[in-house]
Amino acid sequence: MFNLVIFGAPGSGKGTQSELLIEEYGLFHISTGEVLRDLIARGTELGKIADSYISKGNLIPDELMISILADLLDSNPATAGGVIFDGFPRTINQAKALKVMLAERNSKVHAVVGLEVEDAELIERLIKRGQDSGRADDNLETIKQRLEVYHTQTSPLKDYYVAEGKYHGIHGSGSVKDIFNSIKTSIDKVKP
Ligand code: AP5
Ligand code: MG
């Protein structure tokens, strides 16, 4: 069993690399962004609340996000075999809650892969995706707020996981395949 956090700014490639990592390591993928977009698409009450934050580029409040994640772990027994957490944790509070949730399940975060990409490239990637796929939060105003939120609320997690000896920084520019190979090299050094 191996729990991996894939960490990085909006557009850094968390989703793209998660797809390859699932195939390689057979892990259960939890993308909190995808979970929230699914709730919005289904028009649930929770989805309406989530939309009021996502559409402005802000984070869903910790308490709500943590309870959504706990429900996901409880309702998907396959998560006990190992998870890629994509987009969670995003605050120190969420990281502490994840630690407790996994400890209650006799587990832990084994490694954190941080995809490091310059803001200018992130903006370029997200604007392009907004034009191609129309993801609602991929417009310049919301992208700028997502980046601001990342730098103020989420990036401190890097030091948190460095202190735990779990952080593996990866240069996140270049080809998807080269980035994947760098991640794999880092993971294979620590994976049991
Ligand atoms: P979320 O869905 O997690 O969005 P995000 O963090 O903004 O990141 P993205 O999904 O946009 O990017 P990514 O890193 O997955 O990159 P991708 O592979 O897609 O969260 C959305 C919102 O939900 C948040 O803003 C917040 O409101 C809420 N939320 C989610 N989790 C939360 C939490 N824990 N707490 C509170 N709120 C939460 O790639 C991006 C683009 O770049 C794609 O078009 C891709 O094809 C392209 N690309 C990928 N790799 C490369 C490469 N190497 N070179 C060139 N292009 C590339
Ligand atoms: Mg994503």
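All of these numbers come straight from a predicted model, not from anything done at the bench. Residue numbers start at 1 and run along the sequence shown. Every number for a ligand or one of its atoms is a count from 1 in the order of the listing.
Among the atoms of Arg135, some N or O lies under 3.5 angstrom from an N or O of ligand 1. In terms of N/O distances under 3.5 Å, ligand 1 is approached by Ile60. The N/O atoms of Arg146, backbone and side chain alike, include one that comes under 3.5 Å of an N/O atom in ligand 1. For ligand 1, none of its N or O atoms has an N or O atom of Gln17 under 3.5 Å away. For the pair Leu59 and ligand 1, the shortest N or O to N or O distance does not fall below 3.5 Å. At least one N/O-N/O distance between Gly11 and ligand 1 falls below 3.5 Å. Ligand 1 has no nitrogen or oxygen under 3.5 angstrom from a nitrogen or oxygen of Tyr53. At least one N or O atom of Gly15 sits closer than 3.5 Å to an N or O atom of ligand 1. Between Asp138 and ligand 1, no N or O atom pair is found at a separation short of 3.5 Å.
In this structure, the protein non-hydrogen atom closest to atom 2 (O) of ligand 1 is Arg37 NH1, 2.8 Å. Ranking protein heavy atoms by distance to atom 53 (N) of ligand 1, first place goes to Gly174 O, 3.0 Å. In this structure, the protein non-hydrogen atom closest to atom 20 (O) of ligand 1 is Arg90 NH2, 3.4 Å. Residue, atom and distance of the protein heavy atom nearest to atom 23 (O) of ligand 1 are Ile54 CD1, 3.5 Å. At the top of the distance list for atom 34 (N) of ligand 1, counting protein heavy atoms only, stands Gly87 O, 2.8 Å. Summary of contacts: the protein heavy atom closest to atom 31 (N) of ligand 1 is Thr32 OG1, 2.8 Å. Ranking protein heavy atoms by distance to atom 16 (O) of ligand 1, first place goes to Gly13 N, 3.1 Å. When hydrogens are left out, the protein atom nearest atom 39 (O) of ligand 1 is Thr16 OG1, 3.7 Å; that is the closest non-hydrogen contact.
More than 12 heavy atoms of other residues, nucleotides or ligands shown are found within 6.0 angstrom of CD on Glu121. Counted within 6.0 Å of NZ on Lys191, heavy atoms from surrounding residues, nucleotides or ligands total more than 12; the atom is thus considered enclosed.
To the nearest 0.5 Å, atoms NZ (Lys96) and CE (Met101) are separated by 14.0 Å. The distance from atom CD of Glu24 to atom CD of Glu19, rounded to the nearest 0.5 Å, is 14.0 Å. Expressed to the nearest 0.5 Å, how far CD1 of Ile183 lies from CG of Leu20 amounts to 8.0 Å. Rounding to the nearest 0.5 Å gives a distance of 5.5 Å between CZ of Phe2 and CD1 of Ile187.
For atom 26 (C) of ligand 1, the choice among Asn58, Leu36, Asn93 with the nearest heavy atom turns out to be Asn58. Considering each of Lys128, Lys14, Arg129, the one bringing a non-hydrogen atom nearest atom 8 (O) of ligand 1 is Lys14. Looking at Lys177, Gln94, Glu124, Arg125, it is Arg125 that brings a heavy atom closest to atom 41 (C) of ligand 1.
Of all heavy-atom pairs spanning Tyr150 and Pro10, the tightest one is CB-CD, 3.9 Å.
At least one heavy atom of Leu126 lies less than 4.0 angstrom from ligand 1. Note on ligand 1: Gly57 sits outside its first shell, no heavy atom being nearer than 4.0 Å. Judged by the shortest distance from any of its heavy atoms, Ala9 lies inside the 4.0 Å radius around the atoms of ligand 1. Not a single heavy atom of Gly8 sits under 4.0 Å from any atom of ligand 1.
No side-chain N or O of Asp137 forms a donor-acceptor pair with one of Ser55 less than 3.5 Å apart. If you check the side chains of Asn76 and Thr79, you find no donor sitting under 3.5 Å from an acceptor.
Here the side chain of Thr44 pairs no donor or acceptor atom with the backbone of Ile40 at under 3.5 angstrom. Proximity of a side-chain donor or acceptor of Lys14 to a complementary backbone N or O of Gly8 within less than 3.5 Å is detected.
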Output, in order, the C-alpha distance, side-chain angles, deciding distance and verdict of side-chain hydrogen bond (donor to acceptor under 3.5 Å, both in side chains) for Asn3 and Ser107. CA-CA 8 Å; Asn3 291 314; Ser107 195; 2.9 Å; yes
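The Ile179 neighbourhood of ligand 1 comprises atoms 53 (N), with distances under 4.0 Å to a heavy atom of that residue.
Test Ile66, Val149, Leu59 against Thr91 for side chain to side chain contact (heavy atoms under 4.5 Å, CB included) and you get one pass: Leu59. Among Arg125, Arg129, Gln131, Lys128, the one residue that satisfies the side chain to side chain donor-acceptor pair (under 3.5 Å) test with Asp138 is Arg129.
Listed by chain and residue number, Glu164 satisfy the salt bridge (charged side-chain N to carboxylate O under 4.0 Å, His left out) test with Lys166 (two or more places apart in sequence, or in another chain).
Residue-level proximity to ligand 1 for Ser18 is absent, since no heavy atom of it falls below 4.0 angstrom.
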